[in-house]
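Report on the following structure.
Every chain is numbered from 1 and lettered A, B, ... according to where its sequence line falls, protein lines coming before strand lines. Scope of the values below: all heavy atoms of this structure, side chains included, with no hydrogens, waters or symmetry mates.
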Protein chains: 2
Amino acid sequence: MLNIHPLWGTSCVQGSCLAGRLNALAVLTNGEQAALARIEERTRTLRRGATLQREHDAVAECYIACRGTLMSSVLLDDGSRQILAFLYPGDLVAFPNLVYRAAPETVSALTDAVVAPLDRPTFAGLLQDHPRLVALMLASQQIERVELTDRLAAVGRTSAKARVGALLLEIRNRLRVLDGTGVKSFSLGLTQEEIGDATGLTAVHVNRMLRQLEEEGMIAREAGRLTILDERALQRAANYSDRRAGLELDWLPQGR
Amino acid sequence: MLNIHPLWGTSCVQGSCLAGRLNALAVLTNGEQAALARIEERTRTLRRGATLQREHDAVAECYIACRGTLMSSVLLDDGSRQILAFLYPGDLVAFPNLVYRAAPETVSALTDAVVAPLDRPTFAGLLQDHPRLVALMLASQQIERVELTDRLAAVGRTSAKARVGALLLEIRNRLRVLDGTGVKSFSLGLTQEEIGDATGLTAVHVNRMLRQLEEEGMIAREAGRLTILDERALQRAANYSDRRAGLELDWLPQGR
DNA sequence: CGGCCGCTTGAGGTCCATCAAGTCAGGTGG
DNA sequence: CCACCTGACTTGATGGACCTCAAGCGGCCG
């Protein structure tokens, strides 16, 4: 039996996780939802720790994350790793595959996970039948881009404590959007080494930073669960700004 | 093949810089080229050092870079800056503006520059009349995304020397694509402080790294011009891999 | 000429990496 | 049941990469 974390596709609409995501940007038509649902009929299941694709693999399709958590990363030739993104249901996974012959990044499953392949012919069909969906995907990519640049700024210009704090807040916010609640306590689902690989730190130093955040009363930890005690202080320490507000997409033309 | 100076020449096709860029991904139809040319009829000129938009500004349009060099950056509240990207003719500038109400990044001109605004209604029209162009923009964004993740990995996981070297190689390659030549000598057009802000270093340390690269015979500097003497060695020192090869977009449907 | 900006170079300090133990929980096999 | 292993976490000591501060230099421009 698969153990799917954090949530079964609660954000899925009409059987499509991507529809759930895009629906938050613009209200989808029935035709659009049906088209997305058809794509996600065919799925692929991954065990926790499994690798969906490795860098430099020959690839011709990307994926839609349906259940579980995944991550994308790159390996440097000294053996160190940089985690680029954590992927949750509704996210587009390995999207650059549509453009590159060889995968630019590795994707692996942090928990048992389900993805739906989206190959080039399907994407081309989508472009012809439902061009607005492609525009919405492009919009979704912009949001991901801003997340990437925020992380770049954090890694390039902020302290270790700030980077760790920002990652905690980002993950908490993503989980919150998924399950719709305002929980302050959640299971991180990452080892300290993974936190380090995402923030450009060593696992040892991540540990010290978590301890420091704990000693300063911003977070609490117990049995793998993490509680944000003083969100305001943590946001200040982390230079964190949530950008989820301030989206505007009602100017797009009607869909089909 | 056009052969033009990067800063003031035009890699523009039929009067459109973006067409020049997208044309490298898939051969554009006359209709598509005309549509892009129409967009770039209206332009905006920026003096060197001018700011096109500041973070948090209310924005409703993005831009196409037509001439000169620009950069996008974010400011942190301790006053430090992270440069996110350098922008050359044909690049999409501030694309997230189409999705966000408030600009997520600052854009300013490194040289005198020309941009063409692309507002939401125009984009919406493009989506209806030439959906394939939107797909090509999405493809172009994937390439930019991979550049961003490469830089994230560099900043997070490589030494100062490697980061500076990688930036030099990246800029050289971009200039080379623009003017089509194989010159090894070029004018960087950046202060050492700007190099630092792009790589997550201080200007002082950038200086030392440049000196070191020079002493090791990989580069030469004179009067603001930079020459790559030993490209192989520099690539090794910088962990650099050019990803420009390996693109594949012939699977897209015909354009109109 | 003076002022400013960018570059250069040195000295000293800090943040984070590295190395090295050691704890603890869970799993496995006897 | 205990012995043993493994993986993640913890903690200390040490060192190095990079930052900070400071001063001097040269070119450019009013």
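Between A/E193 atom CD and D/dC9 atom P there is a gap of 9 Å when expressed in whole angstrom units. Taking atom CD of residue B/Q212 and atom P of nucleotide D/dC18, one finds them 9 Å apart after rounding to whole Å. Note: CE (B/M209) to P (D/dA17) measures 9 Å, nearest angstrom. The interatomic distance linking B/H205 (NE2) with C/dC7 (P) rounds to 16 Å, in whole Å. In this entry the distance linking NZ of B/K161 with P of D/dG16 reads 17 Å, nearest Å. For the pair A/R211 CZ and D/dA8 C1', the interatomic distance rounds to 14 Å; values are reported in whole Å. B/I195 has its CD1 atom 12 Å from the C1' atom of C/dG6, to the nearest Å. Following rounding to the nearest Å, A/E222 (CD) and C/dA25 (P) show an atom-to-atom distance of 15 Å.
For D/dC18, neither phosphate oxygen OP1 nor OP2 lies less than 4.0 angstrom from any side-chain nitrogen or oxygen of B/T202. Remark: A/Q192 is in phosphate contact with D/dT10, judged by side-chain N or O atoms under 4.0 Å from OP1 or OP2. In terms of phosphate contacts, A/N207 brings a side-chain nitrogen or oxygen within less than 4.0 Å of OP1 or OP2 of D/dT10. Distances shown here put every side-chain N or O of A/R208 at or beyond 4.0 Å from the OP1 or OP2 atom of D/dT10.
In this model, a donor atom of one side chain and an acceptor atom of the other lie less than 3.5 Å apart for B/Y240 and B/N173. In the model, B/N97 has a side-chain atom that pairs as donor or acceptor with a side-chain atom of B/Q53 under 3.5 Å.
Here the side chains of B/L84 and B/V74 are in contact, with some heavy-atom distance below 4.5 Å.
Within a 6.0 Å radius of CD in A/E215, more than 12 heavy atoms belonging to other residues, nucleotides or ligands are found. Atom CD of B/E193 sits in a sparse spot, with 12 or fewer heavy atoms from other residues, nucleotides or ligands closer than 6.0 Å.
Heavy atoms of B/G196 sit nowhere under 4.0 angstrom from any nucleic acid atom.
Within 3.5 Å, no donor on the side chain of B/R221 pairs with an acceptor on the base of C/dT8, nor the reverse.
Along DNA chain D, the nucleotide nearest to A/V204 and the one nearest to B/L201 differ in position, and the one closer to the 5' end is contacted by A/V204.
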